[in-house]
Structure formats: C-alpha cells, structure tokens
Amino acid sequence: MRLLLIEDDVPLGEALHSVLKAACYAVDWVQDGRAGDTALRTVDYDAVLLDLGLPGGEGLDWLAQWRGRGLKSPVLIHTARDGLEQRVAGLDGGADDYLVKPVAGAELLARLRAALRRSGGRSESIWRHGPLEFDPGLRVIRWQGQPVELTPKELGILEALMVRPGQILSRHQLAERVYGWGDDEPEGNAIEVHVHHLRRKLDPALIRTIRGLGYRMEWPESPQ
C-alpha cells in the first residue's frame with residue numbers, strides 16, 4: 001500500500017518514514033501542504049498521515065479542501081496539539097484518527113491498520129481469501145496454514161489485490177501502490193515478474209490475468 005506522509009519536522013519525518021518503510025509500505029514524504037496537495041492530485045494514495053502546523057497552509061484547511069474535492073482515503077492527523085477542542089475539530093474536519101505526538105511506532109502502525117480496515121470495509125484482523133491468510137500486523141502470509149516468505153514488493157502487490165478482491169488492477173495501479181518516490185524505477189516487466197513469483201510461491205489460480213486490463217484475485221471456490 002502507498003502512503004503520503006506530510007510532516008515538516010525533518011528528524012521526525014525521517015523516523016516516521018523509516019517506521020512505515022520497515023512495515024513494507026511505499027511512502028512518499030513531503031514537508032508542506034502545497035506539496036501534499038500536488039501529490040494527492042497525481043497519486044491515488046491508500047492513506048495520508050498529516051501534520052497540522054505546516055508551511056504553505058494550515059493542515060486542517062488542506063484537509064477540508066481535499067475532502068471537498070472528494071478524497072476518500074483515510075487521513076490520520078499526527079500533531080503536537082493535544083487540546084480537546086483541537087482533537088474534536090480534527091475529527092469533525094474529516095480526519096479518520098487523531099494522534100498526539102510523540103506516538104510509538106507500534107501504535108502508529110496499529111492505528112493505520114485500523115483506518116485501512118475501516119476504509120476497505122473489513123472488520124477482521126486476519127484477511128482471508130480461500131486458503132490464503134494475511135496478518136497485516138505481523139506482515140505474515142500463510143498459504144494453507146503454512147507461512148510463505150515474500151519480498152516487500154510481492155507482499156505489496158498481494159495486499160493491494162486482497163484489499164480489492166474481484167476488482168481488476170492494472171500494472172500501473174499495482175506499481176503505484178508498491179513503488180514510492182526514491183525507490184528504484186520499476187523495469188517495464190517488473191509487475192509481471194512479481195506476479196509470476198507470487199503464483200509460483202502460492203498457487204497459479206490465485207491471480208488471474210485479464211488480457212489488456214491487468215490482474216484480479218480469484219479462487220475457484222469463490223464466486224466468479
């Protein structure tokens with residue numbers, strides 16, 4: 001999954017970026033609201049982590065603009081402002097969660113997973129699709145009850161498909177969700193190679209190629 005981090009404190013931004021990358025998220029980091037606005041106009045992010053006191057405009061003002069423009073992705077405010085009125089204003093202003101700095105990395109990731117579950121219409125902590133199980137907290141994949149070792153990019157592709165079972169995702173959409181700024185540019189056939197490895201490690205029937213469109217997660221026992 002691909003996240004947008006908007007944080008102007010450089011040491012804190014570096015720390016958050018490292019925590020999120022270590023959890024196998026693709027992360028783009030910007031340091032002001034205007035740059036965040038540009039990023040949101042060009043990339044379909046799965047979630048946004050937003051500071052409030054930003055150069056280039058107040059975070060809540062930007063959030064109001066984005067929600068007014070139709071942004072559906074969960075937004076987690078991450079700020080030093082800890083007053084009750086400020087927390088209420090943030091949540092009423094369109095945030096899905098409000099975290100007061102400093103937040104432990106484990107709690108940040110747990111709050112992020114909860115927001116992503118809600119946005120995807122999921123309530124369970126373990127995602128299942130046929131014999132496939134995914135534990136987002138531990139970042140562990142099991143196939144027929146046995147753990148399977150995947151690379152971060154393979155895991156990212158599988159997670160993107162599991163979030164949208166039955167939906168076709170193009171190569172471009174999958175690449176957007178697993179390659180962030182600063183990553184090596186994917187080669188032309190990178191997504192096909194990752195999908196080939198996933199089929200080999202799991203089952204060829206799990207991911208179907210829809211000619212000319214992309215890929216869709218399926219399983220013979222599931223409704224077609």
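If you're wondering where the values come from, they're calculated on a predicted model, not measured in any experiment.
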Q: Answer yes or no: is there an ion pair linking R177 with E159, defined by an N-O contact shorter than 4.0 Å?
A: no
(Q) I'd like to know if the side chain of Y25 pairs up with that of D46 as donor and acceptor (distance under 3.5 Å, no hydrogens or angles considered). (A) no
(Q) Are L52 and L84 linked, directly or through intermediate hydrophobic residues, by side-chain heavy-atom contacts shorter than 4.5 Å (ILVMFWY only)? (A) no
Q) Should the pair R34-D61 be classified as a salt bridge under the 4.0 Å nitrogen-to-oxygen rule? A) no
Q: Name the orientation class of the two ring planes belonging to H197 and H194 (parallel below 30°, tilted from 30 to 60°, perpendicular beyond 60°).
A: perpendicular
Q) Are R199 and T209 close enough, and set up right, to give a side-chain hydrogen bond (donor to acceptor under 3.5 Å, both in side chains), and what steps lead you there? A) CA-CA 11 Å; R199 287 169 170 157; T209 300; 2.7 Å; yes
Q: For the pair E149 and K201, find out whether any cationic side-chain nitrogen is under 4.0 Å from an anionic carboxylate oxygen.
A: no
Q: Taking only Lys NZ, Arg NE, NH1 and NH2, and the carboxylate oxygens of Asp or Glu, determine whether D96 and R118 approach each other closer than 4.0 Å.
A: no
Q: Give a yes or no on whether a salt bridge exists between D82 and K101, defined as a side-chain N under 4.0 angstrom from a carboxylate O.
A: no
(Q) Tell me whether D135 is salt-bridged to R142, with the criterion being a basic N under 4.0 Å from an acidic carboxylate O. (A) no
Q.
Test side chain to side chain contact (heavy atoms under 4.5 Å, CB included) on W127 and R117; report intermediate values, then the result.
A. CA-CA 10 Å; W127 301 2; R117 282 200 305 272; 4.2 Å; yes
Q | Carboxylate-amine/guanidinium contact E176 R2, below 4.0 Å | A | no
Q. Measuring from I210:CD1 to I168:CD1, what's the distance to the nearest 0.5 Å?
A. 5.0 Å
Q | Ionic contact status for D37 with R69, cut-off 4.0 Å | A | yes
Q. Taking all atoms of both residues into account, what is the closest heavy-atom pair of L158 and L206, and its distance?
A. CD1-CD2, 4.3 Å
Q) What's the shortest heavy-atom distance between W29 and V10, and which atoms? A) CH2-O, 3.5 Å
Q) For the residue pair R67 and S73, what are the closest heavy atoms and their distance? A) NH1-O, 2.8 Å
Q) Counting N and O atoms only, with roles assigned by atom type, does the side chain of N189 sit under 3.5 Å from a partner on the main chain of E192, one being a donor and the other an acceptor? A) no
